[in-house]
Structure formats: structure tokens, C-alpha cells
Amino acid sequence: MSTPIVNPPMGRASRILGVGGYRPARSVPNEEILKNIDSSDEWIRTRSGIESRRWANEDETVVAMSLEAAGKALAHAGVTPDQIGCVIVATVTHLYQTPSAAAEIAHKLGTNRAAAFDISAACAGFCYGVALGSDMVRSRTADHVLVIGVERLSDLTDHYDRSTAFLFADGAGAAVVGPADEPGIGPVVWGSDGQHLKLIGQRQEWREALYHEDGPQLPALVMEGNAVFRWASYEMANTAKQALEAAGVAADDIDVFVPHQANDRITTAMARALKLPDHVVVARDIRQQGNTSAASIPLALERLIETGEASSGQLALLIGFGAGLVYGAQVVRIP
Ligand SMILES: CC(C)(COP(=O)(O)OP(=O)(O)OC[C@H]1O[C@@H](n2cnc3c(N)ncnc32)[C@H](O)[C@@H]1OP(=O)(O)O)[C@@H](O)C(=O)NCCC(=O)NCCS
């Protein structure tokens, strides 16, 4: 037989050691959105929960916002950049196809040549990244993994399309995943439902947009909002339930519910379907932040920790879902 391949022993536990976020400075109230679309403040608030959202300025790039969020997450975790073995960036709005945002961020943070890559899993991206990071730590592929969810959705929004103009927003959130004595990240329940591929996505591909016969177009995001709404409200509660079962915890054991901040009514419908008891704190970050896709879960989690509504050691149920349609959920212990 030829020489056997050596693998390090498996079986180490993982947990989130720190989180951090970056919210763009500019807050955009519903009134400003109404300059471009036929709608009302009342309609936007009652249908989505959104009162205002944050939009990035020119300097608040995907990389710049990520570096701010990552710096806070590293400080919260007590981990230095040179300890990071891998950087995973979940985004659909880094407008360079290559090189990855992750490679630039790994370099600018001062990691010691960490592995780095971007993932495209839309609003499920952060949960996907945490799942990958957790498995890397457990299998000793990396000691510490920096997971970032970041979007500048305002760049890919048609600000005259009333089905999306009020919804999408910008921001970055990050988490450091590292080794632990006890499991702090439950098994991910994830998947894709490609029969709904057309419900959210870019209007056309870049080549078609750039060389359009009427001149260059913005390949903006388009969405069949109501169909997504129904799918998310019903199917995602089941996925969240499976994540609880996979982690061996009951709805009663959960302290905090942090779903992707897609729409406040989806959050309410899921919380009801899950029969979450009254003591569970439910993230409602969308109201002042809008829908920031991959960034929404870490931003909402950070806000709950900052306000004291969530505290270290508590159990949080996370669920992300979006274009694909793709989804991922897991139970985590709050750092
Ligand atoms: C977008 C969303 C807020 C719309 O809410 P909704 O209750 O589903 O509204 P509908 O699309 O069914 O439209 C209801 C009515 O409002 C109208 N409408 C649509 N957009 C409007 C707007 N911005 N202002 C005023 N009226 C609007 C529609 O034309 C429709 O009118 P009609 O009843 O006369 O036909 C909601 O569907 C949603 O949030 N969906 C999921 C979003 C999401 O999760 N996206 C991506 C995953 S990250």
C-alpha cells in the first residue's frame, strides 16, 4: 500500500467568540423613498415594518464597512487578526467578480495570509458562513474563522421600482468563530428550493445590462414579494423548528430569535408558528435598518447585545433565507 494520508483528529467544539457591525452614517427616512415611488409612509410601515434604512456613501464600500465590522468582532472576541485562519465574506453586492472581497479584507486586516473567499448565498449567507466556519474549527482546518455578511444593496436597487425601493439597505456584520470547551454552534439545517429560482434575482446578467440596445442598464434586483413572503412565512418556520431539534433544544429553551430581517411581518409570522414563549426576545432591527440581506442577522444580534436585550451565554436561534431560494438555520450560544 502507498503512504497513508495523515489527518488531524476531529472532535473539537466551536462557538461564536465575538460579533460586530457597521451601520452606514446616513439614515434614509420613508419620506425620501416616496420622492421616487407611488406609495406612503403608512403602507411601508404596515407592510414591512420599515421606518428608515441606512444607505452607504461612496467611502462606505463593501470592504470598508467589512473592516469596521470585523475590527469590532475581533475586539469582542479578544482575537488578533494574525490568529484568523480563514475569512469568509457572504455578499451579493461586491461588484468586483474577482478578486474576492475576502482576500482584500484578509490583507487589509493584517491576517497572516489567511485563506479567503466570498460566498453567494444571498440573505442566508451569514448562516452559511457560520456553518462553514464552525465545521472548519471543529475539523481543525482553521483555529479562528472570520465570517462577514455585508451588502450595499442600494447599488443594485431600482429606486423607481415600488416593489423593492423601500426595502433594501446597506451595512456589514461580522462574527469570529473559534474553538470552545462545549459546543456553541448547533448543526446547520440548510438547503435550496430551486423551483423558486425566479422569485428574487437580478433583472438581467451583467453582459446583457452593459451592452443593452438602449444603452447600459442597471441589472437591479427584482422580486415577487408576495410569493417570497408566503414561502418565508410558512416554510421557514419548519426549517427553524428542525434547527431546534438538531441542536436538541426546545422553543422554550431559546432566549433570542434572530431571523433574517426581511420583513417585520415575516418575523412575526415565524415567531407565532414556532410558538415562541413570551420571554423570547425577537429581533426587530429592520425598523431602522431596512433589509440588509447577508448583514442583517449579525447586525441585529450585535444590537441586541449592545442594548442588553441579549446577554453572553444565552441561546439564540438564527435563520437566513433569500434568493435561490436558499436557507440556513442554527442555534448558537451568544458570545
Ligand atoms: C414586498 C412586500 C413588503 C409587499 O407586501 P405585500 O403585503 O406582499 O404586498 P403585495 O405585493 O401583495 O401588494 C399589495 C398591494 O399593494 C400594492 N403595492 C405594492 N408595492 C407598493 C408600495 N410600495 N406602496 C404602495 N402600494 C404598493 C400592490 O400593487 C398591491 O395592490 P393591489 O392589491 O391593488 O393589487 C412583501 O411582500 C415582502 O416583504 N416580501 C418579502 C420580501 C423579502 O423577504 N425579500 C427578499 C428576501 S430577503
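We count ligands from 1, going down the list as the structure has it; atoms in each ligand are counted the same way. Just so it is clear, the model here is predicted, and its values are computed rather than measured.
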Minimum-distance protein heavy atom relative to [atom]:
atom: atom 46 (C) of ligand 1; result: Ile200 CD1, 3.4 Å
atom: atom 8 (O) of ligand 1; result: Asn226 ND2, 2.8 Å
atom: atom 31 (O) of ligand 1; result: Arg162 NH2, 4.9 Å
atom: atom 40 (N) of ligand 1; result: Gly225 O, 3.0 Å
atom: atom 44 (O) of ligand 1; result: Ala262 CB, 3.2 Å
atom: atom 42 (C) of ligand 1; result: Met223 SD, 3.8 Å
atom: atom 14 (C) of ligand 1; result: Arg47 NH1, 3.5 Å
atom: atom 4 (C) of ligand 1; result: Trp43 CH2, 3.8 Å

Please compare Asn291, Asn263, Ile37 and report which has the shortest non-hydrogen distance to atom 2 (C) of ligand 1.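 Checking each option, the heavy atom nearest atom 2 (C) of ligand 1 is found in Asn263.
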
Atom CD of Gln97 with >12 non-hydrogen neighbours under 6.0 angstrom: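 Not more than 12 within 6.0 Å, no.
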
Within the supplied structure, the quantity of interest is the number of heavy atoms (other residues, nucleotides, ligands) at a distance under 6.0 Å from Arg265 CZ; does it exceed 12? yes

Is there a side-chain contact between Asp285 and Arg23 in this structure, where contact means two heavy atoms from C-beta onward sitting under 4.5 Å apart?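 Asp285 vs Arg23: side chains touch.
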
How are the rings of Phe321 and His260 set to each other: parallel, tilted or perpendicular (split at 30° and 60°)? perpendicular

Can you find an N or O of Ser163 that's nearer than 3.5 Å to an N or O of ligand 1?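 Among all N and O atoms of Ser163, none is under 3.5 Å from an N or O of ligand 1.
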
Is it true that Lys72 and Glu302 have a side-chain N and a carboxylate O under 4.0 angstrom from each other?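 Yes, this pair counts.
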
Closer than 4.0 angstrom: is that true for some heavy atom of Thr164 and an atom of ligand 1? no

Could you list which atoms of ligand 1 come closer than 4.0 Å to a heavy atom of His260?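 Every atom of ligand 1 under 4.0 Å from some heavy atom of His260: 48 (S).
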
Using a 4.0 Å cut-off to any heavy atom of Ser39, which atoms of ligand 1 qualify?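 The list of qualifying atoms is 22 (C), 23 (N), 24 (N), 25 (C).
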
Between Asp118 and Ala101 (side chain of the first, backbone of the second, donor and acceptor by atom type, cut-off under 3.5 Å), is there such a pair? yes

Let me check something: do Tyr327 and Tyr128 share a hydrophobic cluster, defined by ILVMFWY side-chain heavy atoms less than 4.5 Å apart, either directly or through other members? no

Where Leu304 and Ala283 come nearest, the two heavy atoms and their spacing: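 That closest heavy-atom pairing would be CD1-CB, 4.0 Å.
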
